Amino acid sequence: MSTRKGPTTRPPRCLNAPSCSNTAAASRSRAMPRRTRRPKSSTGSRNRCPERCFERSSPAMDESTTAYHTIAEVGRDLDRFEGKEVELRGWLYNKRGSGKIQFLQVRDGTGTLQVILSRSDVDEETFNLARGLSQESSIIVRGLVARDTRSALGFELHGKSLIQVGTSEDYPISPKPHGVAFLMDRRHLWLRSTRQHTILRVRHTIIKAIRDYFDSHDFVLIDAPIFTPNACEGTSTLFEVPYFDEKAYLTQSGQLYMEAAAMAHGKVYCLGPTFRAEKSKTRRHLTEFWMCEPEVAYLDLDGDMDLAEDCLCYVVETVLEKHAADLERLGRDVEALRRIKKPFPRLSHREAVDLINRAIDDGTADRRSAGAERTTTESIEDDAAQLHKPTTKTDEETSPKKRARYDDDFGGDEETILSRMFDRPVMVHRYPHQVKAFYMKRDPDDPRVALCVDVLAPEGYGEIIGGAQREDDLEKLLERIDAHELSRESLGWFTDLRRYGSVPHAGFGLGIERTVAWICGLHHVRETIPFARTMDRLKP
RNA sequence: UCCGGAAUAGCUCAGUCGGUAGAGCGGGUGGCUGUUAACCACUAGGUCGGGGGUUCGAGUCCCUCUUCCGGAGCCA
């Protein structure tokens with residue numbers, strides 16, 4: 001929907017264009033919106049729709065002083081709008097009132113505003129229409145903008161007229177807490193709830209910040225394919241799909257393609273969906289998730305860590321600038337986010353293992369998982385209710401003391417312990433090579449480890465970035481391919497990159513959903529993506 | 001796949017020792033001119049997840065299946 005500032009200057013367009021183009025039957029069959037008050041207008045005959053649909057009588061369609069605005073627009077420029085009449089188009093979020101006054105909470109996508117309808121200000125038909133509105137009815141309201149300290153936004157609207165555009169009967173998500181399964185089944189509606197609305201707006205900002213960061217550092221966006229002929233990393237389970245007469249797989253990483261692109265453009269990144277068919281059932285796993293993967297020619301591991309650190313700081317800073325109040329409302333400890341500043345601690349895997357084991361021995365290891373103190377329920381209001389819910393107990397006093405090992409990857413527990421020791425992301429580098437992907441370069445100073453890095457978000461959130469310097473030597477790469485029992489032939493294009501002007505290069509993959517969960521302080525990644533795909537959820 | 005937990009009104013839940021089913025919210029009706037998850041009164045709403053068993057009697061005990069939730073492994 002277009003938004004206009006100031007009075008309408010171009011001819012208004014019928015919102016309902018398809019059904020207005022003289023398809024009388026279609027138009028008649030749809031519920032005729034109830035219009036209760038014809039706004040005074042002397043030029044109402046212009047732009048009339050040939051059918052008797054509501055657009056022609058909508059206040060917006062008349063050339064009056066009232067223009068259509070969003071709640072955000074009004075809030076941004078309150079000095080200009082105060083005392084002016086505006087029109088809002090949105091949905092009824094909640095309603096309270098008496099026989100003489102009605103308080104409508106109207107959301108329009110940009111915000112939620114209270115509209116007051118007094119019996120003394122409007123005609124009876126309008127007042128009764130307001131009284132009878134149900135949750136999520138779509139409505140168009142006109143009224144005067146007024147400052148008021150009783151409003152959370154600092155202003156409200158004194159309604160003068162009201163049109164119901166669409167009805168909404170038995171809206172399932174009532175303004176009370178619901179269970180996760182119930183809400184996930186109705187994710188298409190849950191998106192409208194304040195909390196979910198806020199989270200997806202923060203997600204938008206995070207993705208935009210990531211793109212802005214790379215764009216402003218001379219990176220080129222290169223889109224990686226979704227269909228791939230073979231496993232990129234060989235370890236994870238892939239989704240297999242028929243591809244004409246052969247089999248294809250949904251990509252689990254754009255990484256290899258980014259290596260090719262980096263040899264063409266120097267600095268590149270991709271940002272797209274990734275698919276893993278692993279049967280993971282945890283709060284940090286999805287079968288379909290989004291990843292940003294930068295790749296840079298002539299970059300070594302230290303440079304790669306610099307890049308990851310700088311990028312994350314920019315993203316956090318940007319989110320804090322735009323969403324500090326939103327994060328507060330989500331229950332996020334904003335001060336903890338403000339501490340996310342360079343430099344991030346850098347530990348070798350070996351040092352990290354020692355640190356973890358010392359903590360386990362001292363009994364200071366904190367295994368609680370991130371966000372565990374909160375339960376996942378939701379009301380349509382901000383999650384004040386959630387914060388008052390009884391805490392769930394998650395301390396695992398009985399958990400066996402499993403010590404970290406030099407020759408093995410971290411488990412979730414170890415990651416959690418480590419990430420709780422620092423107030424900013426931790427970069428753990430040089431993991432044992434045998435637990436890492438074939439394309440990672442071995443450390444020339446210690447062939448037991450790979451030149452790789454995992455960035456663990458603090459507060460128990462764990463891994464949000466995995467990166468590495470890539471093996472640029474043809475012979476060594478071929479050895480790795482054989483050792484991992486991958487096909488030299490199908491990776492021929494990839495090994496070509498080492499035949500024709502190979503250079504040191506590095507990159508990483510940043511998980512969008514885990515980053516959103518961390519920044520928003522969420523318990524589970526399923527709330528960070530509009531329509532989560534998990535092991536046992538493909539709907540809606 | 002493995003280990004735990006759960007399933008009762010549209011939703012969130014309670015239901016004691018095995019004795020014929022409860023609340024709040026939501027819906028409906030009425031009341032209230034500044035409400036903030038509004039409030040007050042009245043009202044409708046149930047195959048207690050499916051199947052089997054024990055018992056005079058099962059929401060409650062046992063077996064089984066299904067679904068969901070949490071966790072592990074793997075990973076971003």
Side-chain angles (χ1 to χ4, degrees), chain A residues 93-105 112 114 116-121 127 132 134-135 148-152 156 158 169-186 194 233 235-237 252-253 255 274-293 367 369 372 375-386 388-389 392-394 396 399 402 409-413 415 435-437 454-457 461-467 508-518 523-526 534-537:
Chain A
Y93 197 58
N94 199 4
K95 180 184 63 141
R96 289 176 284 273
S98 69
K100 302 282 168 54
I101 187 167
Q102 290 290 320
F103 302 97
L104 310 180
Q105 315 298 324
T112 304
Q114 174 158 280
I116 294 98
L117 280 168
S118 285
R119 177 152 253 171
S120 53
D121 292 348
F127 191 80
S134 53
Q135 193 188 351
D148 197 307
T149 51
R150 286 169 293 193
S151 157
E156 50 190 24
H158 290 282
E169 278 170 41
D170 301 322
Y171 187 72
I173 303 177
S174 63
K176 293 288 164 182
H178 299 278
V180 183
F182 177 84
L183 292 166
M184 285 303 288
D185 284 342
R186 291 155 187 82
T194 304
E233 298 183 19
T235 52
S236 305
T237 320
Q252 61 178 338
S253 167
Q255 139 95 49
T274 301
F275 308 88
R276 304 272 165 97
E278 286 149 358
K279 298 196 168 179
S280 302
K281 275 187 71 174
T282 78
R283 60 188 178 77
R284 43 174 99 164
H285 285 91
L286 296 168
T287 52
E288 177 183 300
F289 64 97
W290 287 64
M291 193 154 63
C292 178
E293 294 174 280
R367 293 164 188 268
S369 51
T375 54
T376 311
T377 53
E378 165 127 358
S379 74
I380 63 162
E381 291 303 320
D382 295 346
D383 64 337
Q386 212 175 86
H388 293 129
K389 288 216 93 182
T392 35
K393 38 180 191 287
T394 50
E396 301 150 42
S399 137
K402 207 174 63 185
D409 206 352
F410 292 142
D413 240 21
E415 239 178 47
V435 302
K436 288 295 179 181
D454 279 3
V455 180
L456 311 181
Y461 278 93
E463 185 178 357
I464 53 173
I465 283 180
F508 61 81
L510 167 66
I512 301 295
E513 287 74 20
R514 288 184 181 181
T515 303
V516 176
W518 164 52
H523 174 69
H524 201 296
V525 290
R526 69 186 150 211
T534 56
M535 200 178 119
D536 37 29
R537 178 169 297 280

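The sequence lines fix the lettering, A, B, ..., with proteins before strands; numbering per chain opens at 1. Computed from a predicted model, the values in this text were never measured in an experiment.
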Tell me what [X] touches on the nucleic acid: a base, only sugar-phosphate, or nothing, going by heavy atoms under 4.0 Å.
X	answer
A:I465	sugar-phosphate
A:D409	sugar-phosphate
A:F182	sugar-phosphate
A:Q114	base

Base [N] paired with [X] side chain (donor-acceptor, <3.5 Å):
X	N	result
A:R514	B:rC75	yes
A:H178	B:rC11	no
A:S280	B:rC74	yes
A:Q102	B:rU33	no

Detail all sub-3.5 Å separations between protein N/O atoms and N/O atoms belonging to nucleotides 43-48 of chain B.
none

Pairing nucleotide - [N], Watson-Crick or G-U, each distance under 3.5 Å:
N	result
B:rU1	B:rA72
B:rC42	B:rG28
B:rU67	B:rA6

* **A:R514 side chain vs A:Y461 backbone, donor-acceptor pair below 3.5 Å** =>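 No; judged by distance alone, with no hydrogens or angles, the pair does not exist.
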
Return the nearest nucleotide to the side chain of [X]; candidates are [options].
X	options	value
A:I101	B:rC74, B:rU33, B:rC69	B:rU33
A:F103	B:rG34, B:rG26, B:rU33	B:rG34
A:E415	B:rA76, B:rC68, B:rC75	B:rC75
A:E156	B:rC75, B:rU35, B:rC74	B:rU35
A:N94	B:rA37, B:rG71, B:rG34	B:rA37
A:H524	B:rU33, B:rG70, B:rG34	B:rG70

* Given A:L104, which of A:L117, A:I116, A:N94 fulfils the side chain to side chain contact (heavy atoms under 4.5 Å, CB included) condition? -> A:L117

* **B:rA76 OP1/OP2 closer than 4.0 Å to side-chain N/O of A:R284** => no

Pairwise N/O distances under 3.5 Å, protein to nucleotides 21-23 of chain B:
none

